[in-house]
Amino acid sequence: MLIAALALVACQATDKLTRSDESQYSDEQPRESYLNSPAYINVQLAVEYMKQQQFGLAMSKLRKALAYNPNLAVAHSTMAVLYEELGETGPARHHYERSIELDSRDPRLRNNYGQFLCRNGQEEAGIVQFEKAAKNPLYESPQIPLINAGSCAMKIQKLDEAEAYFRSALNEQPQNSIALLNMVRLSTGSGNYFQARAYLQRYVAVAKHTAETLWAGYQTEKNLGDKEAAANYAVRLKSRFPDSPQTKELLKEITDR
């Protein structure tokens, strides 16, 4: 959640947005003035305090930001993240929704709100927000909400939909390790081990093995009949992650043979 707030504020500060994306600031307030405004500066300070887990000071700065400009969408979105971090979902929901009311064309706000909905048992509604964010032509990273939509769909066991979202994310960014890992998970889960092997090869070309991926590799090669490759995965899993749940599962499987 804190990463979402950091990314949103950073993008607000650095993006060169078109006039159509300036929303409520376009006619009333030049973009440069908005970024240097007391309200926005207080949002930036709040995010820094959030990074340091100083939530009381962060709350104080966000309240100042909204006192200066109650219509600052990024302030509401950051306030929502802070309330969620504090476990107060009611106020968090209010500020997420208010941020979108104020700037419905900012896809990052919709992505943040979608994550909130997905975390709080409203997966279908969250996916709607992710789809809207991904379809926004101004969003330079549509793979982010697409991956989030896929993860949300997996939570409610809509695996075909999840796969479609992850494939779409990989069309946008073929080397995205998160999308590739999720395709490995879906492929091994469905018993499609040839596909799992292909996605695992793509994954390790861009990211390091984890206990999960080594275990997936072991299961894949075992089911495809390559005993040597399976043994290689097993050795690496036991040596690199001796205390992992995957290693315990491996040792149990070996013991039960």
Side-chain angles (χ1 to χ4, degrees), residues 1-8 10-11 77 80-81 84 89 92-93 96-97 99-100 104-217 219-220 223 245-246:
M1 290 184 287
L2 294 180
I3 291 171
L6 290 168
L8 182 61
C11 289
S77 185
V81 172
E84 194 176 359
T89 56
R93 182 186 303 276
Y96 277 123
E97 292 176 351
S99 72
I100 293 174
S104 61
R105 290 173 292 186
D106 189 333
R108 293 161 302 202
L109 299 177
R110 290 196 178 278
N111 182 65
N112 286 357
Y113 184 38
Q115 290 179 297
F116 169 80
L117 292 170
C118 194
R119 283 192 291 265
N120 288 276
Q122 293 182 269
E123 290 84 1
E124 295 285 1
I127 289 170
V128 169
Q129 295 299 323
F130 294 137
E131 288 180 342
K132 288 181 178 180
K135 290 175 182 176
N136 190 319
L138 296 172
Y139 204 1
E140 295 182 355
S141 304
Q143 71 276 5
I144 294 173
L146 288 168
I147 290 170
N148 288 335
S151 298
C152 206
M154 285 180 70
K155 278 187 66 179
I156 53 177
Q157 294 300 304
K158 292 195 171 184
L159 303 184
D160 290 341
E161 288 185 20
E163 181 171 343
Y165 287 124
F166 293 132
R167 287 185 183 275
S168 294
L170 289 170
N171 287 337
E172 296 290 341
Q173 191 179 43
Q175 294 183 318
N176 187 286
S177 61
I178 300 173
L180 290 169
L181 177 58
N182 277 294
M183 286 302 298
V184 172
R185 290 167 175 161
L186 287 172
S187 301
T188 54
S190 65
N192 190 342
Y193 292 107
F194 281 110
Q195 180 173 280
R197 174 191 277 169
Y199 278 110
L200 188 57
Q201 289 171 345
R202 289 175 61 182
Y203 173 85
V204 296
V206 297
K208 293 182 179 180
H209 266 302
T210 65
E212 181 184 2
T213 59
L214 288 170
W215 175 241
Q219 291 178 305
T220 295
N223 282 281
Q246 291 83 1

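Being a predicted model, the structure only gives us computed values, none of them experimental.
When all heavy atoms are compared, the tightest approach of Gln115 to Phe130 is N-CZ, 3.3 Å. Contact record, Glu140 with Gln143: O-OE1, 4.5 Å, taken as the closest heavy-atom pair. When all heavy atoms of Ser77 and Asn112 are compared, the closest pair comes out as OG-ND2, 3.5 Å. The shortest non-hydrogen separation linking Ser177 to Ala207 is CB-CB, 4.0 Å. In this structure, Ala133 and Arg110 approach most closely via the heavy-atom pair CB-CB, 4.2 Å.
Proximity of a side-chain donor or acceptor of Asn223 to a complementary backbone N or O of Gln219 within less than 3.5 Å is detected. Under a 3.5 Å cut-off, the side chain of Thr213 and the backbone N or O of Thr210 do form a donor-acceptor pair. Between the Ser187 side chain and the Val184 main chain, no donor and acceptor come within less than 3.5 Å of each other. Distance alone, capped at 3.5 Å, places no donor-acceptor pair between the Ser141 side chain and the Ile144 backbone. Between the side chain of Lys132 and the backbone N or O of Pro107 there is no donor-acceptor pair closer than 3.5 Å.
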Residues Glu123, Lys158; criterion side chain to side chain contact (heavy atoms under 4.5 Å, CB included); working and verdict:
CA-CA 11 Å; Glu123 290 84 1; Lys158 292 195 171 184; over 6 Å; no
Working for side chain to side chain contact (heavy atoms under 4.5 Å, CB included), residues Ile147 and Phe166: CA-CA 6 Å; Ile147 290 170; Phe166 293 132; 4.2 Å; yes
Show the numbers, then the answer: is there a side chain to side chain contact (heavy atoms under 4.5 Å, CB included) between Arg93 and Gln122? CA-CA 12 Å; Arg93 182 186 303 276; Gln122 293 182 269; 2.7 Å; yes
Problem set entry | Steps toward side chain to side chain contact (heavy atoms under 4.5 Å, CB included) verdict (Met154, Asn182) | CA-CA 9 Å; Met154 285 180 70; Asn182 277 294; 3.6 Å; yes
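At most 12 heavy atoms of other shown residues, nucleotides or ligands fall within 6.0 angstrom of atom NZ in Lys135. The number of heavy atoms from other shown groups lying within 6.0 Å of CD1 (Ile156) is above 12.
Gln175 meets the side-chain hydrogen bond (donor to acceptor under 3.5 Å, both in side chains) test with no other residue; sequence neighbours excluded. With sequence neighbours excluded, the residues forming a salt bridge (Lys or Arg N to Asp or Glu O under 4.0 Å) with Glu212 are Arg185, listed by chain and number.
Tyr165 places none of its side-chain heavy atoms less than 4.5 Å from the side chain of Pro145. Between Leu117 and Gln129 the shortest side-chain heavy-atom distance falls below 4.5 Å.
Arg108 contributes atom CZ, which lies 11.5 Å from atom OG of Ser99 (distance to the nearest 0.5 angstrom). Annotation: the span from Glu172 atom CD to Ser168 atom OG amounts to 8.0 Å, rounded to 0.5 Å. To the nearest 0.5 Å, atoms CD1 (Ile127) and SG (Cys118) are separated by 6.5 Å. Distance CG/Asn171 to CG/Asn176: 12.0 Å, rounded to 0.5 Å. Going from atom CD of Gln195 over to atom CG of Leu200 covers 12.0 Å, rounded to the nearest 0.5 Å.
For residues 197-208, the pairs satisfying salt bridge (charged side-chain N to carboxylate O under 4.0 Å, His left out) are Arg197-Glu221, with sequence neighbours left out.
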